[in-house]
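A short worksheet on the structure shown next.
All of these numbers come straight from a predicted model, not from anything done at the bench. Convention: sequence-line order gives letters A, B, ...; per-chain numbering from 1.
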Amino acid sequence: MIDIKLTREYYLESDVVKVAKDLIGKIIHSNIEGEITSALITETEAYAGVTDRASHAYNGRRTQRTEIMYKEGGTAYVYFCYGIHYLFNIVTNVKDIPYAVLIRGIYPLNGVDLMLRRVNKLKFDKNSGNGPGKVTKLLGIDKNHNGISLMDDTIWLSSGNITFNDSLIIADKRVGIDYAGDDALLPYRFYVKYNDVLRKIYE
DNA sequence: CGTACGATCTGCT
DNA sequence: GCAGATCGTACGA
């Protein structure tokens, strides 16, 4: 099975929740100043645009920051949070519909030494890639990557060659959005249980 | 212009 | 388990 870069069509999908789930098991790659890393996507969250109170674009909010979310699917939306962290999102759907998927967890595959250096650690454990702030740090993503196209060769995704059985993918409510009222209860977060497949790759 | 706070992580207790 | 770090963004005055 060949590892194929995800195309524009993939990101134009209108059901952002479906994309969030489908991204589990895909591979994310970064080439930051010639330093290449890749990792398996293990946790995501969907943000469903203008009707989703948890979304930055709720109620059609358009500001300098959120403008990126209105771009065509396949665009990177990177923003700064808690004064410390950059969070990486993938814009989906067609232009002017501000849907996005937050990447919350990865397992390092290639460029492991480089990633360890970036987080100043000696070795990984299975928690090293869970948390959206850790994801960007491991991959070397920061605000310079806000707005770039995932068709380019800086940050891109590929199909990978792993398919997780549906029963291994858990849907749950999203994290850290208590202010979103009822929308905080929506099962828009997806993650794969640490399982034998991962153990085999990772240990 | 001033201020409140957030899609969090780490290290120490 | 909790406080501290640390700053861009949004919004109201």
Side-chain angles (χ1 to χ4, degrees), chain A residues 11 15-24 26 28 37 39 41-71 73 75-93 97-108 115-148 150 155 157 169-192 194:
Chain A
Y11 300 107
D15 184 344
V16 68
V17 177
K18 183 173 156 190
V19 176
K21 183 174 179 185
D22 193 69
L23 284 173
I24 302 291
K26 298 283 188 286
I28 183 166
T37 58
I41 295 174
T42 58
E43 185 177 346
T44 62
E45 276 176 4
Y47 286 84
V50 299
T51 59
D52 181 358
R53 297 183 79 91
S55 171
H56 290 162
Y58 175 62
N59 205 19
R61 185 160 59 191
R62 269 187 114 121
T63 64
Q64 196 175 2
R65 175 169 73 150
T66 64
E67 195 58 34
I68 299 289
M69 299 183 80
Y70 292 83
K71 291 192 180 285
T75 302
Y77 172 43
V78 181
Y79 79 96
F80 193 67
C81 187
Y82 291 114
I84 309 257
H85 305 286
Y86 292 103
L87 304 205
F88 175 73
N89 301 254
I90 295 170
V91 175
T92 70
N93 210 328
I97 301 192
Y99 286 5
V101 176
L102 170 66
I103 305 299
R104 289 188 54 87
I106 56 175
Y107 285 136
M115 287 194 252
L116 283 170
R117 229 177 306 138
R118 284 176 177 155
V119 293
N120 208 11
K121 293 227 160 117
L122 294 176
K123 60 174 291 199
F124 282 117
D125 59 58
K126 64 181 195 295
N127 292 321
S128 298
N130 66 350
K134 295 179 193 170
V135 167
T136 53
K137 207 158 180 196
L138 290 170
L139 294 171
I141 296 172
D142 60 31
K143 65 173 170 184
N144 293 316
H145 307 291
N146 190 28
I148 68 172
L150 303 180
I155 301 167
L157 273 66
I169 299 178
I170 316 292
D172 205 346
K173 58 185 183 186
R174 294 172 290 181
V175 175
I177 51 158
D178 293 340
Y179 59 84
D182 288 346
D183 289 346
L185 303 175
L186 295 168
Y188 282 3
R189 170 178 169 232
F190 299 95
Y191 61 93
V192 58
Y194 194 68

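Across every strand in view, dT6(C) sits unpaired, with no contact that passes the Watson-Crick or G-U test at under 3.5 angstrom. dA13(C) is unpaired under the Watson-Crick or G-U wobble criterion, no partner having all donor-acceptor distances under 3.5 Å.
For the pair Tyr79(A) OH and dT9(C) P, the computed distance is 11 Å after rounding to whole Å. Remark: P of dG8(C) and OH of Tyr86(A) are 7 Å apart, rounded to the nearest angstrom. Residue Asn146(A) contributes atom CG, which lies 16 Å from atom C1' of dC7(C) at whole-angstrom precision. Atoms CE (Met69(A)) and P (dA7(B)) sit 11 Å apart, rounded to a whole Å. Between the CD atom of Glu43(A) and the C1' atom of dA7(B) there is a distance of 11 Å, rounded to whole Å. If you take CD1 of Ile90(A) and P of dA7(B), they are 19 Å apart, rounded to a whole angstrom. Straight-line distance from the NZ atom of Lys121(A) to the C1' atom of dC9(B): 9 Å, rounded to whole Å. Atom CD of Glu45(A) and atom P of dT8(B) are 7 Å apart (whole Å).
Near-neighbour residues of DNA chain B inside residues 175-184 of chain A, defined by a heavy atom below 4.0 Å, number-ordered: Val175(A), Gly176(A), Ile177(A), Tyr179(A).
Surrounding CZ of Phe190(A) are more than 12 heavy atoms belonging to other residues, nucleotides or ligands, all under 6.0 Å away. In this structure, Asp182(A) places its CG atom where only 12 or fewer heavy-atom neighbours from other residues, nucleotides or ligands lie under 6.0 Å away. Other residues, nucleotides and ligands place no more than 12 heavy atoms under 6.0 Å from the CG atom of Asn120(A). Under a cut-off of 6.0 angstrom, the local environment of NZ in Lys26(A) is crowded, with over 12 non-hydrogen atoms contributed by other residues, nucleotides or ligands.
At least one side-chain nitrogen or oxygen of Thr63(A) sits closer than 4.0 Å to the OP1 or OP2 atom of dA10(C). Residue Arg61(A) places at least one side-chain N or O under 4.0 Å from the OP1 or OP2 atom of dC11(C).
Taking the side chain of Leu102(A) as heavy atoms from C-beta on, and the options dT10(B), dA5(C), dA7(B), the nearest nucleotide is dA7(B). Checked against dT10(B), dT8(B), dA10(C), the side chain of Leu87(A) finds its nearest nucleotide in dT8(B). With distances taken from any side-chain atom of Tyr82(A) to the nucleotides dT6(C), dG6(B), dA10(C), the minimum falls on dG6(B).
Residue side chain His56(A) reaches the base of dA7(B) through a donor-acceptor N/O pair under 3.5 Å, judged by distance alone.
Interatomic distance, CG of Asn89(A) versus OG1 of Thr75(A), reported as 12.0 Å (0.5 Å rounding). Remark: Leu102(A) CG to Leu23(A) CG distance equals 11.0 Å, nearest 0.5 Å.
In this structure, Arg65(A) reaches the sugar-phosphate backbone alone: every heavy-atom distance under 4.0 Å involves primed, P, OP1 or OP2 atoms, never a base. Residue contacts shown for Lys137(A) are absent, as no nucleic acid heavy atom lies under 4.0 Å away.
For the pair Lys143(A) and His85(A), both in contact range of DNA chain C, the more 5′-proximal nearest nucleotide belongs to His85(A).
Using cut-offs of 30° and 60° for the angle between ring planes, the Tyr107(A) and Tyr194(A) rings count as perpendicular.
Side chains of His56(A) and Tyr77(A): a donor-acceptor N/O pair is present below 3.5 angstrom, by distance only.
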